[in-house]
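What follows is a single structure, written as structure tokens, with notes after it.
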Amino acid sequence: MPELPEVETVRLGLIPHLEGQVITKAGAFSRKLRLPIPEDFAKKLTGRRIIQLHRRAKYILIDMAGGLSVILHLGMSGQILISRFEANTPFKPAKHDHFFWETAGGMRLVYHDPRRFGLVAFSKTDNLPLHPLIKNLGVEPLSNAFNGPALKAALAGKTCTIKAALLDQRIIAGLGNIYVSEALYRAHIHPTRKAGSVSLARIETLVAMVRAVLREALKSGGSSLKDYVRVNGELGYFQHHFDVYDRAGRGCRSRGCGGAVRRIVQNARSTFYCPRCQT
DNA sequence: ACGCCCACCTGGAGGC
DNA sequence: TGCCTCCAGGTGGGCG
């Protein structure tokens, strides 16, 4: 579900409730996520102070006192919710709640994930860059390292489609199925084009459009299709601004185009594009 | 090494 | 109402 803008919105929403706080209580329930929840989850977290929240790709990284970091991923349907809790009222998990913690400031974090593709893991803070979940991630698309020449070089010789390449987290870290379709539409690049064959000039445009669509989505608090919500339960609203995603058969929004958005399947995932505007 | 397929899960929507 | 199929913001293991 959540791509970079949704994960970043969650991180920004968590910061005021978590940074500097001490965890007074924590608990986990038995069902396994993408990875098993660490057995010592509650023991490791109880009494520990939260220092700082970061993001890498679609992972939220929480640095704690004592050199411990928590790695969180929302998978397709994960939610992290924060709410004030009443003193002396034990947490009763709802269906698909997998773990929680409470802070001295009176807030309770709950991780909820029906499909269980998300995960929580621990790492030593020092070793985070080398952690197996993190070490192979590519460039952050909102960083200066993401630029035309660098992307052109990363795509050189690739025979897969540009769509598949943009989804590859080892190349660009944080794009998902929605924003890849949206960025390719804005850059006028056909999603079936071979990644290595796109000219530098068009790659430069693509870089700018990836940035633009991520920034705009972030401003809108992300896109809520089904499961994604902010930490206070509110919806994002960038879904109202999609040009192509989930708009098959409807009119292309480009002035004077008059064509219709088409849906195709690439690598078993939907792609939406305008056959007239994208070549 | 690379590209592709599939599995991992649950639930909602739509067809009959 | 029910049952069946298809579909969904992600990821990585295994295969050719």
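Order of the sequence lines fixes the chain letters, A, B, ..., with proteins taken first and strands second; residue numbering starts at 1 for each chain.
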Does the protein touch nucleotides 11-16 of chain C at the base, only the backbone, or not at all? Give it as B, S and - per nucleotide, heavy atoms under 4.0 Å. SS----
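For A:K163, the side chain to side chain donor-acceptor pair (under 3.5 Å) test picks out A:N177, A:T271, with sequence neighbours left out. Considering only residues two or more places apart in sequence or on other chains, A:F272 meets the ring pair (Phe, Tyr, Trp, His ring centres under 6.0 Å) condition with A:Y245. With sequence neighbours excluded, the residues forming a ring pair (Phe, Tyr, Trp, His ring centres under 6.0 Å) with A:H241 are A:F238, listed by chain and number. Judged as a side chain to side chain contact (heavy atoms under 4.5 Å, CB included), and not counting sequence neighbours, the contacts of A:V231 are A:V10, A:L14, A:I82.
For DNA chain B, the residues of residues 151-160 of chain A within the heavy-atom distance limit of 4.0 Å (strictly under) are A:K158, A:T159, A:C160, sorted by number.
Side-chain atoms of A:E3 lie closest to C:dG10 of the nucleotides C:dG10, B:dG11, C:dA8.
Residue A:L128 is found in a hydrophobic cluster whose other members, listed by chain and number, are A:L35, A:Y59, A:L61, A:I71, A:L119, A:L133, A:I134, A:L137; membership requires side-chain heavy atoms under 4.5 Å apart, directly or through intermediates. Under the 4.5 angstrom side-chain criterion for Ile, Leu, Val, Met, Phe, Trp and Tyr, A:Y237 has no cluster partners at all. The hydrophobic cluster containing A:V110 also includes A:F29, A:F91, A:F100, under a criterion of side-chain heavy atoms closer than 4.5 Å among ILVMFWY residues, counted directly or through chains of members.
No salt bridge links A:E216 with A:K219; every basic N to acidic carboxylate O contact stays at or beyond 4.0 Å. Using a 4.0 Å cut-off between charged side-chain N and carboxylate O, A:K124 and A:D126 make no salt bridge. With salt bridges taken as basic N to acidic carboxylate O contacts below 4.0 Å, one links A:R56 and A:E140.
Neither OP1 nor OP2 of B:dA13 sits under 4.0 Å from any side-chain N or O of A:K226.
Applying the ring-ring contact (aromatic ring centres under 6.0 Å, His included) test to pairs two or more places apart or on separate chains, those with a residue in residues 111-148 of chain A are A:F99-A:Y111.
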Distances for protein N or O near nucleotides 6-9 of chain B N or O, under 3.5 Å:
unit_1 : atom_1 : unit_2 : atom_2 : d
B:dC9  : O3'    : A:R116 : NH2    : 2.8
B:dC9  : O2     : A:R115 : NE     : 2.8
B:dC9  : N3     : A:R115 : NH2    : 3.3

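A side-chain donor-acceptor contact under 3.5 Å links A:Q21 to the backbone of A:G105. With hydrogens and angles disregarded, a donor-acceptor distance shorter than 3.5 Å links the side chain of A:T125 to the backbone of A:G67.
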Dot-bracket, 5' to 3', for DNA chain B please: Watson-Crick or G-U pairs under 3.5 Å, [ ] where pairs cross earlier ones, | where the partner sits on another strand, dots elsewhere. .|||||||.|||||||
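Atom CG in A:D227 sits about 9 Å away from atom C1' in B:dG11, given to the nearest Å.
Nucleic acid contact class of A:Y179 (heavy atoms, under 4.0 Å, all strands): none. At the heavy-atom level, A:R263 lies under 4.0 Å from the strands shown only through sugar-phosphate atoms.
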